[in-house]
Number of protein chains: 2
Amino acid sequence: MDNPRVTIRDVAARAGVSIATVSNVFSGNKPVNADLRARVLKAADELAYQVDRAASQLRSGQARVVGVLVPDLDDVFFTSLVSQLEVLAQKDGYDILVASSRDDLGLEQSRLRTLLAWRPSGLIAVPCSDALPEALRHEIGRLPIVFADRVPPEGSVVDTVAIDNREAGEIAARHLLAKGHRDILVAASSLAISPIRERVRGACDLIRTMLGREPTVIELGSNADRGAAAFLHWLERHPQPSAVIALTNVTTLSTLSALARMRIDIPDPVSVVGFDDYPWMSARKTGLTAIRQPIAEIAEAAWNRLRARMAGDQAPPTHSVLQAGLQARDSVRDLAAGPERGNSHDPDPHPNLEGAAASPKAVH
Amino acid sequence: MDNPRVTIRDVAARAGVSIATVSNVFSGNKPVNADLRARVLKAADELAYQVDRAASQLRSGQARVVGVLVPDLDDVFFTSLVSQLEVLAQKDGYDILVASSRDDLGLEQSRLRTLLAWRPSGLIAVPCSDALPEALRHEIGRLPIVFADRVPPEGSVVDTVAIDNREAGEIAARHLLAKGHRDILVAASSLAISPIRERVRGACDLIRTMLGREPTVIELGSNADRGAAAFLHWLERHPQPSAVIALTNVTTLSTLSALARMRIDIPDPVSVVGFDDYPWMSARKTGLTAIRQPIAEIAEAAWNRLRARMAGDQAPPTHSVLQAGLQARDSVRDLAAGPERGNSHDPDPHPNLEGAAASPKAVH
DNA sequence: AGAAGCCTGTTAAACGTTTTACAGAAAAAC
DNA sequence: GTTTTTCTGTAAAACGTTTAACAGGCTTCT
């Protein structure tokens, strides 16, 4: 009852073959005769044999594990990403090692180091700054790496997958402008994060062009509660905007929390365009109009790129850019249509004029 | 520029010591003279040496990795758990290997097998059925295992950590009864899941005792959208209840979605007690009254148990039971206070009479 | 029929660590 | 002054697998 550990040698003995044959049966590295194969499988099954990944990896150098590094495991956006990646990886026989950098450069560095110590066959990361993490510098040509979501603005030495963030901001702004909003507040998480800067730029550029004046931009951070407090603080000492664009799912939460606490209704007097699309956004009386990121496609693109690299693709880095779309619901008031006040009783959501279908588009 | 891999041997050569000494420096297994130690560290740093975990693990049998298995990586409850566990594990120098069973027994089996192939030093799992997964049967005395959240009702052969689910259901029911509600609907995810059955039992027992009749129980599944559709379907062909208890965070979402789509207001005419406590629950005009699970404490208890086991604790399995509490907000109407209708303009949430502080309580 | 080529299976040598057994030097005990 | 003990470092043997090199038994080709 207390057999210490069953190895390939035990299986070989029981099946009456050499250990190499057993290895070949499991790794599929060399073909093996059908009935021998059956004998081996039977023996392995009876002994409840499992190949030891450490030994396997040590000898072969092949890890069948990929590291996944994200900035925050409490942010649904990132966990959705992890969830999708787990499914894709599992389909291809890979396990995933997840680590969170908690948006801290030092922690990112150390988490990367420990991930690399596993000698993974690949790495998918959402880095927490624009600079290439020091720990990855030496790995550039060696280890397949894909950056997702947060990609350096000036191109990267590794493969990247992200949405067109500038356009995402623009879509939000265009929607509000089309509905007659003139006093738009832009709520960002942090301008230190380049995709956020891009979203802000997209929104601000359009607003400036159309209205000839700069919208106000505020930073609410990456924590919903603290963000809500910050926004509350802002609301108390500034005139109420007619609409706010939240550029992140947690900023959306912060915005809604603060508005709720101030007992300010949506979409009248304040309209809101949120970011990302999660069940809670439609689980409310006035569903949230939001910019939808195609998370499944981001994950898929990242995985496909990583898989190609792991298979030996040596082409220069590619940068996939996916499209975000507008998910129109009821949180934006139509000021252009007419001056009627109060909650709209019109059950029809506004049609989506902007064309929201997400489709991949390879660049560079 | 293309050195293939730097091993302990290279470091030893450069530092002018034996490989055993280098190993001792890094593993801390045997003390080593201070200046030798410094030489080794310097050499290692210059070569950017990293110990190879596969080799290390193969020889020592020590993995410094723990497997984490959850039923659904898109459910915030589980990802919060993973997030907390990642922090705790990292603090103790462990990495985590995450896998999702997607609530499928077969997948759970296969995911467990691949986790076990890593020979992890421990395993934290939220199983998807009451039965001990077949893959774990052989590991019982060998591998430290902790089950969290979903624990078999009749005790378990492994350590478990969970909340008092019966009481959680009871608290929700008591709150509604105290507010004068008589027509209560219980929305569960799936009665196949034992903690859900317990919550249902807690709520139903109390309601039966107080009111002398059985409340209606419906199953909405573990997907928010499908659950919303199911509840909508139910609402269309049954009389409106005065209150609904949602026993899961996704059932809460389903419930709110369906009510929103029916344009039924909260808390009047329908009150809602939700489950779990997430930012989106307070990011609404009428904040959600909900049963709060102490996720951080669940994670901590699970990790502490696992750590003790990994350190060699051989005591019989323990079963920690934590307390859930009521987070009172504005989604429950007070029918007892008076017959006034319409949205309450009273900004004060009802005081929490039930005593919500969560505290660990060891059992068995 | 004999040589050449393919299968299919085996033997043995890695892979990079940890760890046991041991050796030499310094310190302590007699 | 010798012996014992303690301390530090080293040599070498694992750990369980993959894989290169090889060895037979076939088929296939001259």
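Between C:dT18 and B:Ser23, a contact under 4.0 Å exists linking OP1 or OP2 to a side-chain N or O.
Rounded to whole Å, atom C1' of D:dT18 lies 15 Å from atom CZ of A:Arg64. To the nearest angstrom, P of D:dT18 lies 11 Å from CZ of A:Arg53.
With rounding to the nearest 0.5 angstrom, the CG atom of A:Asp130 is 10.5 Å from the OG atom of A:Ser156.
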Criterion side-chain hydrogen bond (donor to acceptor under 3.5 Å, both in side chains) on B:Gln62 and B:Arg53, from CA distance to verdict
CA-CA 10 Å; B:Gln62 299 284 306; B:Arg53 305 198 74 144; over 6 Å; no
Verdict with reasoning, B:Asp52 to A:Trp118, per side-chain hydrogen bond (donor to acceptor under 3.5 Å, both in side chains)
CA-CA 7 Å; B:Asp52 181 318; A:Trp118 287 98; over 6 Å; no
Carefully, step by step, assess A:Ser83 and A:Ser80 under the rule side-chain hydrogen bond (donor to acceptor under 3.5 Å, both in side chains).
CA-CA 5 Å; A:Ser83 172; A:Ser80 303; over 6 Å; no
Scoring nucleotides 9-16 of chain D by protein non-hydrogen atoms under 4.0 Å (B base, S sugar-phosphate only, - none) yields BBB-BBBB
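Listed by first and then second residue, the ring pair (Phe, Tyr, Trp, His ring centres under 6.0 Å) pairs involving residues 9-65 of chain A are A:Phe26-A:Tyr49 (not counting sequence neighbours).
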